[in-house]
Protein chains: 2
Amino acid sequence: MSEPRWLTADEQRTWRAYLAATKVVSERLDRQLQRDAGMPTAYYEILVALSEADGGELRMSELAAFTRSSRSRLSHAIARLEQNGWVTRRSCPTDKRGAFATLTEAGLATLVSAAPGHVGEVRAALLDALTANQVRHLGEIMATVGEHASAGCPAASCDDD
Amino acid sequence: MSEPRWLTADEQRTWRAYLAATKVVSERLDRQLQRDAGMPTAYYEILVALSEADGGELRMSELAAFTRSSRSRLSHAIARLEQNGWVTRRSCPTDKRGAFATLTEAGLATLVSAAPGHVGEVRAALLDALTANQVRHLGEIMATVGEHASAGCPAASCDDD
DNA sequence: TACGCATAGTTGAGCTTTCAATATCAGCGG
DNA sequence: CCGCTGATATTGAAAGCTCAACTATGCGTA
């Protein structure tokens with residue numbers, strides 16, 4: 001804590017712009033999905049992950065890994081999604097501790113009908129503001145940050161609990 | 001909804017990297033602040049905004065604008081911060097509807113002691129991963145996104161209620 | 001003055017997330 | 001086979017956020 005090495009002017013500007021922009025973008029996406037599809041972004045991402053999985057189902061652990069979510073959060077979320085009829089649970093035959101989450105027809109239908117509006121909002125909130133070069137740059141930067149932050153992080157790899 | 005104009009490969013990569021990176025970064029910051037300072041990031045930002053204001057106080061509306069928060073969220077947050085002894089409320093003499101939020105000594109002390117750890121985590125999670133050029137680029141891109149998204153947004157400018 | 005409407009801020013209910021248990025089961029060494 | 005350790009998943013309570021009222025006040029206008 002001695003000499004905390006403060007932020008330079010460039011860093012300060014970047015950090016504040018980052019904070020502001022990410023907040024606005026995520027709020028827009030949340031609002032759009034909640035309004036048009038009746039679910040928060042986190043649940044949409046769960047449905048996407050399931051829809052891209054073999055047979056539309058995944059083990060809870062894998063699903064948690066894909067969505068970078070804690071097991072606890074996922075459990076609650078799946079409970080809610082099950083209640084909505086978008087997902088069902090299936091216990092794993094080979095490992096009695098395990099459970100699969102399976103996308104239902106209704107869940108897939110909801111996802112399909114929600115996707116265009118969501119993609120539209122992603123464009124409107126983020127991509128449309130940028131040139132093709134900026135999109136590529138942002139992708140590289142974010143990929144770097146993602147790898148770096150996950151690697152050097154004490155709490156992101158080793159989940160909760 | 002006809003022809004939703006899907007994402008290109010570049011856009012898809014960028015979007016997914018963006019989602020992953022922003023999620024990891026915000027989780028790291030949240031955890032660090034919660035662990036070391038006993039408050040979520042949103043509350044820390046409120047304290048920062050107050051500490052930078054004249055006399056350490058701001059009208060609720062202005063504070064909401066600075067922190068890009070809804071009035072409702074801010075009300076709840078200030079109630080909590082007041083309960084912690086970090087902020088006090090003062091009713092506005094010239095407009096009896098209005099209220100000021102004022103940073104207390106204890107609040108400032110908490111902020112000062114939390115700041116180095118927070119800055120360290122900002123570096124560790126985001127800045128250290130990037131070259132100086134990338135930091136500058138990211139700043140420009142995020143500034144663009146912030147302006148664009150706030151401008152063309154139906155729900156970000158006109159707050160809640 | 002009285003009416004109407006907009007503004008500032010608060011409140012309560014419902015929902016999601018987090019954190020700390022808890023229960024169940026797999027794998028392994030004795 | 002028994003017991004131990006670690007992994008899988010769930011649960012309940014507490015906290016924060018969102019949404020929709022609601023209160024109280026300012027302000028323009030007839």
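Residue numbering restarts at 1 for every chain, and letters A, B, ... go by the order of the sequence lines.
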Output the single nucleotide from dT10(C), dC17(D), dT18(D) whose closest atom is nearest the side chain of Ala42(B). dC17(D)
Does Arg31(B) place a side-chain N or O at less than 4.0 Å from the phosphate oxygens OP1/OP2 of dC19(C)? yes
note: Arg35(A), atom CZ; dA20(D), atom C1'; distance rounded to Å ~ 17 Å
Checking side-chain polar atoms at under 3.5 Å, does Gln34(A) have a donor or acceptor matched by the opposite partner on Asp30(A)? no
Could you please spell out the steps behind the side chain to side chain contact (heavy atoms under 4.5 Å, CB included) verdict for Leu108(A) and Thr104(A)? CA-CA 6 Å; Leu108(A) 182 58; Thr104(A) 65; over 6 Å; no
Heavy-atom donor-acceptor pair, Gln134(B) side chain to Thr131(B) backbone, under 3.5 Å: yes
Measure the distance from CD on Gln34(A) to C1' on dC15(C) and round it to the nearest whole Å. 9 Å
Is it true that Arg16(A) and Gln12(A) share a donor-acceptor pair across their side chains at a distance under 3.5 Å? yes
What's the CZ-P distance between Phe100(A) and dT10(D), to the nearest Å? 13 Å
Contact between Lys23(A) and Arg28(A) at the side-chain level, heavy atoms closer than 4.5 Å - yes or no? no
Listed pairs under 3.5 Å, donor-acceptor, residues 54-63 of chain A side chains, sequence neighbours left out:
unit_1   : atom_1 : unit_2    : atom_2 : d
Glu57(A) : OE1    : Arg90(A)  : NE     : 3.2
Glu57(A) : OE1    : Thr102(A) : OG1    : 2.7
Glu57(A) : OE2    : Arg90(A)  : NH2    : 2.6
Ser61(A) : OG     : Arg71(A)  : NH1    : 3.0
Glu62(A) : OE1    : Arg59(A)  : N      : 3.4

In residues 49-62 of chain A, what residues come within less than 4.0 Å of DNA chain D, judged by heavy atoms? Arg59(A), Met60(A), Ser61(A)
Nearest-angstrom distance from the residue atom CZ of Arg71(A) to P of dT10(D): 10 Å
Compare the minimum distances between each of dC25(C), dT10(D), dG9(C) and the side chain of Ala99(A), then state the nucleotide with the smallest one. dT10(D)
How would you label the contact of Ala79(B) with the nucleic acid (heavy atoms, under 4.0 Å): base, sugar-phosphate, or nothing? nothing
Inter-axis angle, terminal five-pair segments of the helix from dT1(C)-dA30(D) to dG30(C)-dC1(D) [nearest 10°]: 0°
Could you go over nucleotides 12-14 of chain C and give all protein N or O partners under 3.5 Å, atom names and distances?
unit_1  : atom_1 : unit_2   : atom_2 : d
dG12(C) : O6     : His76(B) : NE2    : 2.8

Tell me the interatomic distance from Leu74(A), atom CG, to dT10(D), atom P, rounded to whole angstroms. 8 Å
Here's a test of your reading of the structure: between Ser75(B) and Thr94(A), which maps to the more 5' nucleotide of DNA chain C? Ser75(B)
Salt bridge (Lys or Arg N to Asp or Glu O under 4.0 Å) assessment of Glu11(A) paired with Arg136(B): CA-CA 8 Å; Glu11(A) 290 172 334; Arg136(B) 205 169 32 73; over 6 Å; no
Considering residues at least two apart in sequence or located in another chain, which fulfil the side chain to side chain donor-acceptor pair (under 3.5 Å) criterion with Thr110(A)? Trp86(A)
Regarding dT7(C), can its base be found pairing with the side chain of Arg97(B) as donor and acceptor, where the two atoms are less than 3.5 Å apart? yes
Sorted by first residue and then second, give each ring-ring contact (aromatic ring centres under 6.0 Å, His included) pair with at least one member in residues 25-65 of chain B; sequence neighbours left out. Tyr44(B)-His118(B)
If I take atom CZ in residue Arg80(B) and atom P in nucleotide dT10(C), what distance separates them, rounded to the nearest angstrom? 17 Å
Could you give the CG-to-P distance, from Leu29(B) to dT18(C), as a whole number of Å? 14 Å
With nearest nucleotide decided by heavy atoms, which residue, Lys96(A) or Gly98(B), maps closer to the 5′ end of DNA chain C? Gly98(B)
Starting the side chain at C-beta, find the nucleotide from dT17(C), dG16(D), dC15(C) nearest to Arg73(A). dT17(C)
Atom CD of Glu82(B) to atom P of dG16(D): distance rounded to whole Å? 15 Å
